[in-house]
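What follows is one structure encoded as structure tokens, with my remarks underneath.
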Amino acid sequence: MTGAAHRAKPASHRDVLAARIGHVPGVALAAALGLLAVSFAGVAARDQQDWSSALWWLGIGLIVIPACAGVTARRASDRERMLLLVLVGAALYMVKVFTAPLGFTFPDEFSHLRSLDDLLRTGRLFAENPLLPVASGYPGLPALTASVATSTDGSSFSAGVLVIGAARIVQVLALFGIFRIVTSSSRIAGLATLLYAANPSFLIFQAHFAYESLALPLATLALWCVLHIQRVQGQRGLLCVIGSLAIAAVAVTHHLTSLALLAFLAGWCMLELMTRNRSGLRWPVVAALLWAIAVNAVWLLLVAGPAVPYLAEIVSGGVLELLETISGEGAPRPAFAGRQGAHVPVAEIAVGYASVLVLCIGLLFGGPHVLRRHRGDPMVLMLLAAAALYPVSLALRLTGAGAETAQRASEFVFLGMGYVLADTALHRRMGRVYSVRHVVIPAVIVIFAGGIVVGVPVIARLPGPYLPAAEQRSVDRESRELAEWARSALGPGQRFIADRTNAKLLASLGGQYPVTQFNSGVPTAYVMFSSELGEEEKGLLREGRIQYIVADLRLTRDPPLFPVFFEEAEPNAGRHTMPFPVSGFEKFDELAEASRIYDSGSIVVYDVSRLSAAP
Amino acid sequence: MTESVPRLVALAFVITTHWLSLFIMLSDDPVASPFGETLALGGASSCIVLALAGSRLTLAQSILATLGGGLSLAIIGGVGLALTPIGLERTTAAAWILTVSAVATTVWWWRGFPVPSARVPQQGSRRITGLSLAVLLVAAIIAITASLVSIAGGRTAEAMPVIQAWVLREEESPDGPAFIGLREGTGLQATCTIELGDGRGALLIWRGVRLEKGRTWLGRLDDPPGVPDGSLEIDVSCRTESNGSVVRTLRIDAGDA
């Protein structure tokens with residue numbers, strides 16, 4: 001009787017809370033305080049306060065550590081872990097938004113802003129993109145963002161922030177869904193998702209307004225749909241529709257992600273057919289692969305053909321340089337001498353190495369462990385294969401060209417690393433060896449911090465005063481005003497020579513056409529570096545049909561933080577130790593055919609149309 | 001009969017909203033069109049809410065289905081429509097509305113058009129204590145504060161006047177030859193003294209010039225006789241209402257104006 005009465009007793013508020021949302025309110029409060037710390041760190045960084053970086057790290061810690069504790073808690077429910085992961089994914093996205101809360105500043109974002117602007121202005125797809133020609137064949141992001149901007153009557157910036165934010169939530173949920181099905185444990189799935197978020201690209205690069213930031217979540221969604229159809233009863237018709245749409249959407253949104261998805265599906269399909277796996281149906285994987293082949297083939301053949309040589313060049317560049325390094329023909333790239341070679345504190349370098357060490361140890365022990373446990377599971381084998389690419393990506397970081405490939409590969413490789421490490425770390429046998437609180441959570445924190453150190457240059461984490469040739473830190477009001485002046489005073493479509501930052505702004509906000517070796521095959525940067533305008537330089541002006549030249553005098557003050565002032569095709573590219581030569585700009589003042597038509601103090605524009613029109 | 005009424009009302013509401021809004025939106029009426037977009041967005045949102053509340057999917061599955069499926073459909077819909085002769089000019093919003101509502105309606109249809117009122121949650125299963133609600137509310141307020149701090153920080157950092165001087169092209173200055181333009185781009189109001197010279201002495205001085213964002217101040221160069229057909233130096237000294245002073249020496253070639 002007593003026992004029956006006890007069983008019949010209604011659940012207390014505490015029990016209900018623990019069952020439904022558990023740690024969510026506390027973690028949400030910590031994450032909100034973390035965001036507050038990050039926002040104040042941004043304010044302090046603009047005032048060049050030394051403690052801004054420490055405050056920023058404190059904010060990141062407040063977002064990640066409580067969430068990690070909540071996700072790995074033994075008693076947490078599925079829904080609680082899911083909410084915690086969405087919370088941490090969204091909060092980390094806001095960290096990126098806080099670096100530039102008024103407009104896009106990262107270089108890649110301007111490339112896609114140009115496509116969006118063209119679409120909103122003309123209503124037509126596939127307009128030529130001078131900043132990233134290959135992007136014109138992948139209009140998924142601008143089409144979607146234009147829809148949101150039009151529907152809400154919002155700005156391009158706010159629509160872009162909304163779209164990528166929505167994609168971030170989709171990615172976190174889809175990852176959790178995939179790992180949940182594979183591991184049958186929401187705890188392991190939660191940790192695997194959190195470890196994925198520790199990849200070097202997640203905080204900033206995957207939050208850019210760029211086609212990859214949208215395509216990758218949709219590719220993850222497609223994989224979740226296929227896996228769900230394969231292994232879980234119910235909802236198959238609906239998920240067939242969504243999965244097919246997601247695969248098609250990826251194909252028209254981003255080249256590399258669509259190829260990665262295709263490769264993953266091909267490998268998965270092959271393993272499904274080779275093994276005697278009875279964990280799920282085979283037809284969903286085969287059908288998904290056939291559909292992916294069909295849509296990608298159609299899109300590549302009809303629209304996006306130029307993407308093939310573009311991708312081949314990126315990948316082969318890194319691999320060739322790695323082979324040269326291995327054979328001793330080339331010197332290895334120094335560690336932590338990123339493309340934005342700002343000073344990296346010793347403590348951060350130590351954390352970076354520690355995270356690599358933890359990941360390698362995890363892979364060394366986790367790989368065989370996972371292989372033993374799930375030998376016959378094709379999906380697990382594919383995740384393991386992705387994880388096995390991690391050491392390869394480390395090797396690529398030793399080369400200049402490969403470092404970018406390795407950075408971008410991390411968002412694919414960590415799909416496997418997250419699973420392998422989480423499945424190993426939280427396996428019940430391991431619970432007898434160590435406690436999660438004392439070993440797993442600190443390890444995750446080290447991996448997370450290391451991912452940020454490796455993947456996000458110091459100057460990209462926080463806003464701050466103008467720096468010459470320093471990517472997002474070179475984007476300031478004066479350059480933006482130049483772009484807007486060019487649009488209103490000169491009209492769009494004028495042909496410019498401008499440094500990398502001003503070229504990005506002129507092309508996106510100003511609607512202009514900066515002429516470069518990259519987009520036109522004319523090495524216009526050589527015109528700028530020469531101290532005199534000789535016949536060779538005049539020939540380049542004519543060849544590029546250049547109308548205007550931008551001289552940003554701030555480039556003459558300090559050496560560049562980015563390897564180039566203009567583009568890869570410039571004298572001494574990647575090895576600049578001095579500021580841009582003043583004579584490179586001054587020569588235009590001495591030319592009667594060049595007219596100084598604009599001055600805003602730091603930026604001068606010359607009209608050289610008479611020079612380039614001369615026979 | 002009683003149970004079917006809310007279903008019919010909800011269905012009628014969604015269908016009417018969508019088709020009415022699409023009809024208005026695709027018309028070329030400039031006044032009606034934004035109204036149509038707003039209505040359509042509201043309709044799509046209501047559809048999502050009904051779909052989420054009514055479906056028997058888990059929360060994660062519902063979000064993935066509507067949000068992920070919606071994004072995918074919007075991309076395919078947007079690109080697909082743009083490839084047709086209709087183009088995207090007036091159809092981006094339509095594509096978005098159509099695709100989002102299509103996903104939501106699919107989910108809804110899949111579950112046999114259930115409505116929220118038809119589902120009674122288990123007693124106690126959805127109870128959240130007042131304390132956790134309060135904590136969530138505080139968290140939301142702090143997060144909003146963080147956003148406001150971040151935006152205010154960004155605005156403060158950019159609140160220095162940017163003074164631009166340029167030679168206007170002939171088509172931009174039909175009233176006379178040789179103009180210079182000056183403007184301030186940050187949204188601050190600045191009061192300036194502008195001194196025009198040729199490097200040897202002042203030719204013209206304008207005092208009390210108000211520069212405002214979005215408004216170009218034009219200075220005529222044909223007032224004094226003998227303005228050189230060459231380089232002009234413009235000394236601009238501006239005082240803003242809240243952010244101190246700024247002094248610039250700008251130089252442009254007047255000969256090509």
Side-chain angles (χ1 to χ4, degrees), chain A residues 10-11 13 16-17 20-21 25-26 28-29 32-33 35-36 39-40 42-43 46 79 82 98 101-102 119 123-125 139-140 143-144 146-148 150-151 153 166-167 169-170 173-174 177 218 221 238 241-242 245-246 248-249 252-253 477-478 481 485 489 595-601 607, chain B residues 34 37 40-41 57 59-61 63-65 67-69 71-76 78-79 82 87-89 92-93 95-97 106-107 110 124 127-129 132 135-136 138-139 142-143 145-146 149-151 153-155 157-158 162-167 172 185-186 248 250-253 256:
Chain A
H13 278 185
V16 170
L17 188 65
R20 302 301 299 180
I21 57 172
L29 186 62
L33 288 169
L35 284 176
L36 194 64
S39 64
F40 275 113
V43 174
R46 287 190 174 98
R79 174 173 292 201
M82 186 269 286
F98 282 1
L102 302 177
L119 184 56
R124 297 281 178 269
L125 299 175
L144 174 59
S147 301
V148 175
T150 314
S151 302
D153 203 21
I169 290 171
V170 168
L173 287 177
L218 295 180
L221 173 71
L238 174 68
V241 174
I242 294 173
L245 283 167
V252 302
T253 301
R477 172 56 72 177
E478 192 165 351
E481 288 300 316
W485 166 81
S595 176
R596 187 172 168 130
I597 61 160
Y598 172 97
D599 188 349
S600 61
D607 181 345
Chain B
E37 288 173 11
L41 202 64
L57 298 168
L59 181 63
Q61 288 170 340
I63 298 171
L64 277 174
L67 199 57
L71 291 175
S72 305
L73 261 170
I75 291 171
I76 300 300
V79 173
L88 264 180
E89 284 170 30
T92 48
W96 176 242
I97 303 309
T106 308
V107 176
W110 198 256
R127 287 162 66 190
I128 299 174
T129 61
S132 18
V135 172
L136 284 171
V138 171
I142 293 173
T145 308
V149 167
S150 176
I151 289 168
R155 287 201 173 131
E158 296 210 334
V162 175
I163 315 282
Q164 301 164 298
W166 71 97
V167 183
E172 291 177 285
T186 60
R248 294 270 188 278
L250 311 174
R251 195 158 58 80
I252 55 175
D253 290 341
D256 298 294

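Every value quoted in this text rests on a predicted model; they were computed, and no experiment measured them. In what follows, every chain begins at residue 1, and chains take the letters A, B, ... in the order their sequences are listed. Only this structure's heavy atoms are used, side chains among them; waters, hydrogens and symmetry mates stay out.
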- Query: Shortest non-hydrogen contact from B:Leu136 to A:Ala28?
  - Reply: CD2-CB, 4.0 Å
- Query: Between A:Ala248, A:Ala249, A:Gly601, A:Gly26, which shows the greatest number of heavy-atom pairs under 4.5 Å with chain B?
  - Reply: A:Ala249
- Message: Within the structure provided, determine whether B:Ile252 and A:Ile597 are in side-chain contact (heavy-atom separation under 4.5 Å).
- Response: no
- Item | Taking every non-hydrogen atom, the tightest pair across B:Gln164 and A:Ser600 | CG-CB, 4.1 Å
- Taking C-beta and beyond as the side chain, do B:Leu71 and A:Leu221 meet within less than 4.5 Å on heavy atoms? no
- Message: For a quick test of reading the model, state the closest non-hydrogen atom pair linking A:Ala489 to B:Trp166 and the distance between them.
- Response: CB-NE1, 4.1 Å
- If every non-hydrogen atom of A:Ser39 is compared with every non-hydrogen atom of B:Ala146, which pair is closest and at what distance? CB-O, 3.3 Å
- Side-chain donor/acceptor of A:Asp599 to backbone N/O of B:Ala165, under 3.5 Å: no
- Note on the structure: What one should report as the nearest heavy-atom pair of A:Ala32 and B:Ala139 is CB-O, 3.2 Å
- Query: Would A:Leu33 and B:Ile142 satisfy side chain to side chain contact (heavy atoms under 4.5 Å, CB included), going step by step from the backbone distance to the final call?
  - Reply: CA-CA 7 Å; A:Leu33 288 169; B:Ile142 293 173; 3.8 Å; yes
- Query: Given that the side chain runs from C-beta out, which part of A:Leu35 has a heavy atom under 4.5 Å from chain B: side chain, backbone, both or neither?
  - Reply: both
- Among B:Gly154, B:Gly153, B:Ala143, B:Ser72, which residue forms the greatest number of heavy-atom pairs with chain A at distances under 4.5 Å? B:Ser72
- Task: Look at A:Ile169, A:Leu102, A:Val43 and state which one has the largest set of heavy-atom pairs under 4.5 Å with chain B.
- Result: A:Leu102
